[in-house]
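Worksheet for the structure shown next.
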There are 2 protein chains.
Amino acid sequence: MATMKDVALLANVSTATVSRTLVKPESVSETTRLRVEQAVIETGYKINSQARSLRRNETRTVVVVVSDIDNPFYSEIIKGIEQEAVANDYLVVLGDASQQERDRIYSELVYTRQADGLILLGVPLPKPLKAKLNSSLPPLVMACEYEPDRKLPTVGIDNRAAAKEATEYLIKLGHHRIGCVTGMGDNPLTVCRLQGYKEALAATNIPFDEQLIVAEAYNPDGGSNAMRYFHSLAEPPTAIFCHADTQAIGVLHQARSLGISVPEQLSVMGFDGLPIGSYCFPTLTTILQPRVELGRVTMQSLMDSMKGLPARDRLLPHELIIRGSVAMR
Amino acid sequence: MATMKDVALLANVSTATVSRTLVKPESVSETTRLRVEQAVIETGYKINSQARSLRRNETRTVVVVVSDIDNPFYSEIIKGIEQEAVANDYLVVLGDASQQERDRIYSELVYTRQADGLILLGVPLPKPLKAKLNSSLPPLVMACEYEPDRKLPTVGIDNRAAAKEATEYLIKLGHHRIGCVTGMGDNPLTVCRLQGYKEALAATNIPFDEQLIVAEAYNPDGGSNAMRYFHSLAEPPTAIFCHADTQAIGVLHQARSLGISVPEQLSVMGFDGLPIGSYCFPTLTTILQPRVELGRVTMQSLMDSMKGLPARDRLLPHELIIRGSVAMR
DNA sequence: TTGTAAGCGTTATCAC
DNA sequence: GTGATAACGCTTACAA
């Protein structure tokens, strides 16, 4: 494998000049540049990024820790992150946090100089970093999840407003017993969306009923469970608002198994706007999150942060997508 | 940020000893080890992987180039790769090849010393590497796609056999006009599965009809297009075999729009065994590919290859999953 | 068992 | 505009 030395030898210049030619071509003379470029081709030289990184003290790599790669909601976000990353000469290391302790392993990489920054995608702040919240954190952006104190730059939509809008839409269509399927645990995201739901109820004087709230995983099984639960209620809801399309898909499926027809007997509202929603039966009414854009903006924020700029929160627009799973009561 | 020097100073040893303590603790004396370990804690020392990698001439990083992150078929495979990778102290750099030229950018990383090996996931061999096929390629494993000459280690299922099995199943149920939705382009994967389809027909003396083959993208829209096409035929098929569940989902949806009931009027067979298939309406009969296992084995193969061992092909078992979208003619 | 010192391949500083 | 040279932080002969 050819190194700069080989190129330098062949071009009859010093390695310093080779380096300059590669990094700042206009800083060397025309003839030197040509000679070096020729030598690079002849030797088949490729830069050793390791060495460069060590010297420059940067890796041009970012780590994305995602709560579950399998969740299709994240894949487009990752795509957006990746697009923005390569466009700016960054590499993306992917970390799946669906197993215990993995978030720690991956957030370590910033300290071991394998990455310049960290994106937490739908993942709460790992413990070791939490301890450092008040001192110095590495460049870090959260996407689609919040730190309770909101001290960390976050990219996402206005979850409270979106959930409120979704609920209002159901109310407008005459529903007042509205089931709500949240995510598991008491993470800030769930709290936000639940708050939007409550606000919509309150605005129309519909009493809040604890019984209508159920926490489930963001997947079809979670939705199925929720549907069964609601069905077992003495007075089941006439509409169900899921915090994720993946849950809504399970609700749809389970409703069908129970002989409940959607939207005639039950309205189902999703959240996320996954492409699959247009292919469900019935097609899924939902809140669209601009996923690719979320990814791009997240990466942009992180790059700001790595440049030392103060990273600020970024709120992207969502959109109510009206399709076939919600109807008038 | 503390370096070995700091640790060495504090522990009153040389940096060499610090290094030894970290890499091979049994090679230093008990007391030294304890002193060093203490100093590591006190200084908050973290190793600089860049420097280590440069010195050791390895990165413990692999690149996974995937044809489209968005395709849910790949996400579980990536998960398997990632699991096996972290378990063996490797990092995964994720590359999406859905845009032009990206496969090249990512396969370059092996040459610029940012990765030790390369996984091509559903991606054909990039041009620059193709040129080197006969000389020396870097450690490389293909998954779910083949190099025409089969010179490269490949991990996957027996696609020909699986497609044959799927088709045979349809034939057994009385179908003899069977539409086939392949992937786009004439990549080896498509060829394999098409061959299995043809073999099943031939075995039962059903004439092959070019009209019943249509190439579409591996997504629901592709399936929709295919369904419309088949519907326009003078003599439409009574069953459709899709090379991907994602296509089958589109077929299901489009059939519904056309008022064709599945499986009563039309049988639909998928391929891949995505989780979503159990939630379709009707539930999808399909061929299951062991995706997480495919990922793990792929990573294992690559590690073999990086160790210099001869990487061989690995064929994993598939399974026909009978659900609700296929019925007797 | 431990220290010395060279070297991995690059880049930045400083002369010339 | 170019060349020497030191340095980035670590590992590993080789010596002690």
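Convention: sequence-line order gives letters A, B, ...; per-chain numbering from 1. All values below were derived from every heavy atom in this structure, side-chain atoms included, with hydrogens, water molecules and symmetry-related copies excluded.
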Next item on the list: Remember a base hit wins even if backbone is also touched, and classify B/V13 as base, sugar-phosphate or nothing at under 4.0 Å, heavy atoms.
Entry: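 Sugar-phosphate, backbone atoms only, no base.
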Check: Base, sugar-phosphate, or nothing: which does B/N57 touch, judged by heavy atoms less than 4.0 Å apart?
Finding: nothing
Notebook entry, point to check: Hey, does B/D116 have a side-chain heavy atom less than 4.5 Å from the side chain of B/Y90?
Noted result: yes
Check: Looking at side-chain heavy atoms only, is the closest gap between A/L137 and A/L152 below 4.5 Å?
Finding: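 Side-chain contact under 4.5 Å: yes.
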Length of the line joining [X]:[atom1] and [N]:[atom2], which is rounded to integer Å:
X      : N      : atom1 : atom2 : result
A/I47  : C/dC8  : CD1   : P     : 17 Å
A/L9   : D/dT2  : CG    : P     : 17 Å
B/K24  : C/dT1  : NZ    : P     : 10 Å
A/R56  : D/dC8  : CZ    : C1'   : 13 Å
A/N12  : D/dG1  : CG    : P     : 19 Å
B/L22  : D/dG9  : CG    : C1'   : 13 Å
A/R20  : C/dA15 : CZ    : P     : 15 Å
A/Q114 : D/dC10 : CD    : P     : 12 Å

Note to self: Just by distance, no angles: are the side chains of B/S301 and B/D304 close enough, under 3.5 Å, to form a donor-acceptor pair?
What the structure shows: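 There is no such pair (donor and acceptor under 3.5 Å, judged by atom type) between the side chains of B/S301 and B/D304.
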Nucleotide nearest [X] when distance is taken to its side chain, options [options]:
X     : options               : answer
A/N48 : C/dT10, D/dG9, D/dT11 : C/dT10
B/Y45 : D/dG1, D/dC8, D/dC10  : D/dC10
B/S14 : C/dT10, D/dC10, C/dT4 : C/dT4
B/S29 : C/dT11, C/dT2, D/dT11 : C/dT2

Margin query: For a side chain to side chain donor-acceptor pair (under 3.5 Å) check, start with the C-alpha distance between B/D68 and B/Y218, then their side-chain angles and the critical distance, and finish with the verdict.
Written below: CA-CA 10 Å; B/D68 184 8; B/Y218 288 138; over 6 Å; no
Margin query: Any N or O donor-acceptor pair under 3.5 Å from the base of D/dA7 to the side chain of A/R55?
Written below: yes
Check: Mapping A/S19 and B/A51 onto DNA chain C by nearest heavy atom, which one lands closer to the 5' end?
Finding: B/A51
Next item on the list: Return no unless some side-chain N or O of B/T17 is found under 4.0 Å from OP1 or OP2 of C/dG3.
Entry: yes
Check: Is the backbone of A/N48 close enough, under 3.5 Å, to the side chain of B/R113 for a donor and an acceptor to pair up by distance?
Finding: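 The answer is no, because no donor-acceptor pair under 3.5 Å joins these two groups.
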Margin query: Given 3.5 Å as the limit, does a donor-acceptor pair link the side chain of A/N71 with the main chain of A/F73, or not?
Written below: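 Answer holds: yes.
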Notebook entry, point to check: With A/R20, which residues qualify under side chain to side chain donor-acceptor pair (under 3.5 Å), at least two apart?
Noted result: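 Once residues adjacent in sequence are excluded, the partners of A/R20 under the side chain to side chain donor-acceptor pair (under 3.5 Å) criterion are A/T17.
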Notebook entry, point to check: Is it true that atom CG of A/N88 has more than 12 heavy atoms of other residues, nucleotides or ligands lying nearer than 6.0 Å?
Noted result: yes
Check: Taking the nucleotide of DNA chain D with the closest heavy atom to each, which residue, A/S27 or A/A16, is nearer the 5' end?
Finding: A/S27
Checklist line | Bending between helix ends of the helix from C/dT1-D/dA16 to C/dC16-D/dG1 [5 pairs per end, 10° resolution] | finding: 40°
